[in-house]
Amino acid sequence: MPELPEVETVRRVLEKRIAGRRIVGLEVRDPRLRTPLDPAALHAALVGRSIVHVARRSKYLLLHLSGDRVLVVHLGMTGNLRVARGDDVLEPHTHVRIALGGGEELRYADPRRFGMLFEIGQAEIASHPRLGSIGPEPLEPGFDAQWLVQRAALVRKPIKNFLLDGRVVAGVGNIYACEALYRAGVHPRRAAGRLAAERWQVLCAALRTVLSLALRDGGTTLQDYRDAEGRSGAFQLRLRVYGREGHRCRRCRGTIRRIVQAGRSTFYCPGCQR
DNA sequence: CGGGCGGCCTGGAGGC
DNA sequence: TGCCTCCAGGCCGCCC
């Protein structure tokens with residue numbers, strides 16, 4: 001569920017709430033995540049260290065710890081990190097509790113268990129198999145139409161699927177890929193390599209706009225997503241196509257359609273996207 | 001090799 | 001009420 005705006009929203013809350021805190025305890029209640037947890041190793045690696053700051057790369061949260069260690073957390077589809085009091089009622093599917101002292105803790109819960117939580121050295125970030133090949137951050141310098149044009153050259157797959165490739169651009173998932181294509185007026189089935197450079201300019205700008213607006217709204221909450229203080233996002237109110245099959249397009253009054261690409265739903269407006 | 005698809009899990013929604 | 005099917009925001013491995 002969480003894409004860049006949601007993960008960044010969580011990061012900002014965590015930075016405010018837990019940066020500078022020391023980890024004083026760890027409880028692994030269920031190690032069966034996408035990458036199975038090793039409770040003893042995790043305990044040895046985390047307890048006693050402090051959280052220096054909280055960063056993000058693509059959809060990964062990077063909790064930088066003292067001693068140049070990094071706790072990496074991916075929320076998968078339904079994962080959430082929550083700052084809680086130790087005596088707060090445990091949400092179902094709470095798999096990990098990280099005690100921070102003073103009665104507070106950080107909880108990782110994830111019903112579907114598609115998430116990941118692992119610990120590495122800071123120096124390993126660049127070469128880590130899951131982190132090393134991630135593409136540029138779309139809201140930072142280094143991401144522009146020129147890069148996209150270059151990456152898309154000779155690529156025949158649909159542009160929607162191209163945008164979901166994390167090596168091309170970091171943090172873009174199904175919702176924001178659909179929304180950016182709509183705003184740019186690009187048909188999701190268009191072959192990536194056959195989009196004119198001027199259209200890439202428009203699409204690049206649309207991607208940045210939609211991600212920025214979503215971030216400003218604290219992300220999109222369709223069902224589960226909440227930030228680390230339990231707050232919902234509001235960008236679901238501004239979605240133009242995602243989840244709106246059969247509804248009227250706000251721009252052309254045509255009907256939003258849903259198709260399946262690479263096994264995933266794509267929503268678009270046949271009138272506005274060519 | 002590029003690209004598509006199934007699988008990993010659970011839960012909620014909707015049909016009957 | 002209950003049972004069944006479908007669907008979900010991510011990612012990876014396997015296959016052609």
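Labels below follow one simple rule: chain letters A, B, ... track the order of the sequence lines, proteins then strands, and each chain is numbered from 1. Keep in mind it's a predicted model, so treat the numbers as computed, not measured.
Comparing atom distances between the A:R34 side chain and each of B:dG4, C:dG10, C:dG9 picks out C:dG10 as nearest. Comparing atom distances between the A:R264 side chain and each of B:dG3, B:dC9, C:dG9 picks out C:dG9 as nearest.
The shortest distance between the side-chain N/O atoms of A:K59 and the OP1/OP2 oxygens of C:dC11 is below 4.0 Å.
For B:dC9 and C:dC14, the P atoms lie 15 Å apart once the distance is rounded to whole Å.
Contact annotation: the side chain of A:Y60 approaches that of A:I134 to within less than 4.5 Å [non-hydrogen atoms, C-beta and beyond].
Taking a centre distance below 5.5 Å and an interplanar angle below 30 degrees as the stacking criterion, A:F114 stacks against the six-membered base ring of C:dG10.
The salt bridge (charged side-chain N to carboxylate O under 4.0 Å, His left out) test applied to A:R97 returns A:E27, A:E105, not counting sequence neighbours.
At whole-Å resolution of the value, CZ in A:R112 and P in B:dC8 are 12 Å apart.
Taking for each of A:Y242 and A:Y60 the nucleotide of DNA chain C with the nearest heavy atom, the 5'-most of the two is the partner of A:Y242.
Cation-pi geometry between A:R251 and A:Y182 is met: under 6.0 angstrom from the ring centre, within 45 degrees of the axis.
As the counterpart of C:dG13, B:dC5 is assigned, both hydrogen-bonding distances of the Watson-Crick or G-U wobble pattern falling under 3.5 Å.
Counted by atom type alone, A:T78 and A:R112 present zero donor-acceptor pairs between their side chains at under 3.5 Å.
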